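The block underneath contains the structure these notes are about, expressed in structure tokens.
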Amino acid sequence: MIPTIFALATAPGRAGVAVVRVSGPASGDALAALTGKLLPEPRMATLVRLRDPKTREALDDALVLRFTAPRSFTGEDVVELHLHGGRAVVAGVVEALSALPGLRVAEPGEFTRRAFENGKLDLTEAEAVADLVDAETSAQRRQALRQMEGALGTLYDGWRERLTRSLAHIEADIDFPDEDLPSGVSDAARPVLDALAAEIDAHLDDRGRGERLREGLHIAIVGAPNAGKSSLLNALARREAAIVSARAGTTRDVIEVHLDLGGYPVVLADTAGLREAAADEVEEEGIRRALDRAARADVKVAVFDATALPTLDPATVALLDKDTVVVLNKTDVVDATVPTVGSWEAVAVSARTGAGLPELERRLTAFTADRLAGSGAPALTRARHRSALEECRDALRRALTAPLPELMAEDVRLASRALGRITGRVDVEDLLDVIFRDFCIGK
């Protein structure tokens, strides 16, 4: 028998309201045990007194909701207990549920897993639930909601349906050569496969936008020792995240802070100062890590000391490219009304006074939006999506050059399975349905 599971569905700790969810065939019995056989109408919020089934001690006055299968999140009978959020209240209800026969505490993600197994969500929608819970910016929330509403799954299912239809035509040509079928049935599949391969190529060519939006765009602050990198990090983070000292070389390791820039998530990293002769092996390792982080960053913020002009730090200049925002710091000490660093236009700031920081944030937000803003089409959000799509695309390319229809059919089948793995739908019955519908009805 399928066990009934329960867990706290809201964050642990003291709160105004806490929700305990119960899912499974015994959820109604569990509610009846807590309420003394009182079962409210399905989908109707009801205020009831919850009691310990053994001692009949009052636990809480709670708002309860009951959902009957399959009209629930998991597709099973579900009960939600909306409790007062004190720790003692939650602990008492959880203890009472644990003592009931057939109930156990849910494993992490088990409610969502049951929703997938019962056909309430596909894999992309289940992943989106986790993304929505973890979303820290408005852009992450929008992407997760769109995926949870089925935008990504619908796109992949549509592609898979086209593959299934093409495969049915190819298989019909192979299996029924003597039947009265239209001529060139399998040849009609080639333009469909070619167009689909091109669509998948375009979908993959997104510079990892969806994955970056989930994880955050990486921005590395680089520059010479004592250029004000740590002060700039603190100013952008609006807190003392890094130690600031007049002594050069204070930062030895990479320090990260997570920011929300215009609704987009970024990971801002302060790095060790760049110079040719390190003071010791620890600073030398810090410089190596700084250069490595700069090489892997999506955007670099190159900080130059305005008091050192016209001398420019050569190690920092060597890192300048199209993905760099150049910053001229300490302009409260030295006037830089027309900030330029060599041939590079710079943003004049003072990390100490905050002058110029709004313009720097605007520039960084523009960089971030350029890399993360979408064109309207749903973005793939995980490495497993990308891997499966590349496998699908490669199989389609092989199918288009296959010397035999049997080999062509096998590659199309592999392409369809690769797409099916993304959403969790890998069914051979789809092919049989299309063959019957397209070639057998009326014959």
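All values below come from the heavy atoms of this structure, side chains included, with hydrogens, waters and symmetry mates left out. Keep in mind the model is a prediction, meaning the values are calculated, not measured.
Remark: R397 engages D194, D201 in a side-chain hydrogen bond (donor to acceptor under 3.5 Å, both in side chains) (not counting sequence neighbours). With sequence neighbours left out, the side-chain hydrogen bond (donor to acceptor under 3.5 Å, both in side chains) criterion links E359 to R362. By the side-chain hydrogen bond (donor to acceptor under 3.5 Å, both in side chains) test, R363 pairs with no residue at all, sequence neighbours left out. Under the rule for a salt bridge (charged side-chain N to carboxylate O under 4.0 Å, His left out), R66 has no partner lying at least two apart in sequence or in another chain. Under the side-chain contact (heavy atoms from CB on, under 4.5 Å) criterion, L8 pairs with T10, P12, A18, V20, V90, not counting sequence neighbours. For D61, the side-chain hydrogen bond (donor to acceptor under 3.5 Å, both in side chains) partners two or more places apart in sequence, or in a different chain, are R49. In this structure R238 satisfies the salt bridge (charged side-chain N to carboxylate O under 4.0 Å, His left out) test together with E361, sequence neighbours excluded. Applying the salt bridge (charged side-chain N to carboxylate O under 4.0 Å, His left out) criterion to R142, with sequence neighbours excluded, gives no partner residue. Partners of E136 by salt bridge (charged side-chain N to carboxylate O under 4.0 Å, His left out), not counting sequence neighbours: none found.
Between D77 and S23, every side-chain heavy-atom pair lies at or beyond the 4.5 Å cut-off. Using a 4.5 Å cut-off on side-chain heavy atoms (C-beta onward), T381 and Q143 make contact. I219 is listed as a side-chain neighbour of V301, based on a closest heavy-atom distance under 4.5 Å. Between L320 and V326 there is a side-chain heavy-atom pair separated by less than 4.5 Å. Contact annotation: the side chain of W159 approaches that of H203 to within less than 4.5 Å [non-hydrogen atoms, C-beta and beyond].
With salt bridges taken as basic N to acidic carboxylate O contacts below 4.0 Å, one links R386 and E211. Under the 4.0 Å criterion applied to side-chain N and carboxylate O atoms, R288 and D292 are not assigned as salt-bridge partners. Using a 4.0 Å cut-off between charged nitrogen and carboxylate oxygen, E410 and R398 do not count as a salt-bridge pair. We find that E76 and R71 are not joined by a salt bridge, their nearest charged nitrogen and carboxylate oxygen being 4.0 Å or further apart. In summary, R214 and D131 engage in a salt bridge, as defined by a charged side-chain N under 4.0 Å from a carboxylate O.
In terms of heavy atoms, A33 sits closest to L100 at CB-CD2, 3.9 Å. Looking at every heavy atom in both residues, Y156 comes nearest to L419 through O-CD1, 4.1 Å. Residues A26 and L103 share a closest heavy-atom pair of CB-CD1, 4.0 Å. Contact detail for M408 and R190: the closest heavy-atom pair is CE-CG, 3.7 Å. The two atoms that bring G356 and V349 nearest to each other are O-CG1, 3.6 Å, heavy atoms only.
Side chain to side chain, D270 and S230 meet the donor-acceptor criterion of an N or O pair below 3.5 Å. Using modelled atom types, one finds a donor on one side chain and an acceptor on the other under 3.5 Å when comparing E127 with H385.
For I2, the CD1 atom counts as loosely surrounded, since its 6.0 Å shell holds 12 or fewer non-hydrogen atoms of other residues, nucleotides or ligands. Applying the 6.0 Å contact sphere to CD of E57 captures no more than 12 heavy atoms from other residues, nucleotides or ligands. More than 12 heavy atoms of other residues, nucleotides or ligands sit less than 6.0 Å from atom CD of E406. With a 6.0 Å radius and a threshold of 12 heavy atoms from other residues, nucleotides or ligands, H84 has its NE2 atom at or below the threshold. Counting non-hydrogen atoms of neighbouring residues, nucleotides and ligands closer than 6.0 angstrom, the CZ atom of R14 reaches no more than 12 such neighbours. Within 6.0 Å of atom CZ in R141, more than 12 heavy atoms from other residues, nucleotides or ligands are found, so the atom counts as buried in its surroundings.
Side chain of T164 to main chain of R160: a donor-acceptor pair is present (N/O by atom type, distance under 3.5 Å, no hydrogens or angles). For Q147 (side chain) and T124 (main-chain N/O), a donor-acceptor pair under 3.5 Å exists by modelled atom type. The backbone N or O of A351 lies less than 3.5 Å from a partner atom in the side chain of N329, making a donor-acceptor pair.
A salt bridge (charged side-chain N to carboxylate O under 4.0 Å, His left out) check over residues 17-26, counting only residues at least two apart or in different chains, returns the pairs R21-E80. Applying the salt bridge (charged side-chain N to carboxylate O under 4.0 Å, His left out) test to every pair with at least one member in residues 91-113, sequence neighbours left out, gives these pairs: R104-E110, E110-R114, R113-E117. The salt bridge (charged side-chain N to carboxylate O under 4.0 Å, His left out) analysis of residues 144-158, with sequence neighbours excluded, yields the pairs D157-R425.
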task = Could you give me the CA-CA distance, side-chain angles and deciding distance for L34 and D52, then say whether side chain to side chain contact (heavy atoms under 4.5 Å, CB included) is met?
result = CA-CA 6 Å; L34 291 173; D52 187 298; over 6 Å; no

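Rounded to the nearest 0.5 angstrom, L372 CG and L217 CG are separated by 5.0 Å.
P265 pairs with exactly one of D260, L213, L259 by the side chain to side chain contact (heavy atoms under 4.5 Å, CB included) rule, that one being L213.
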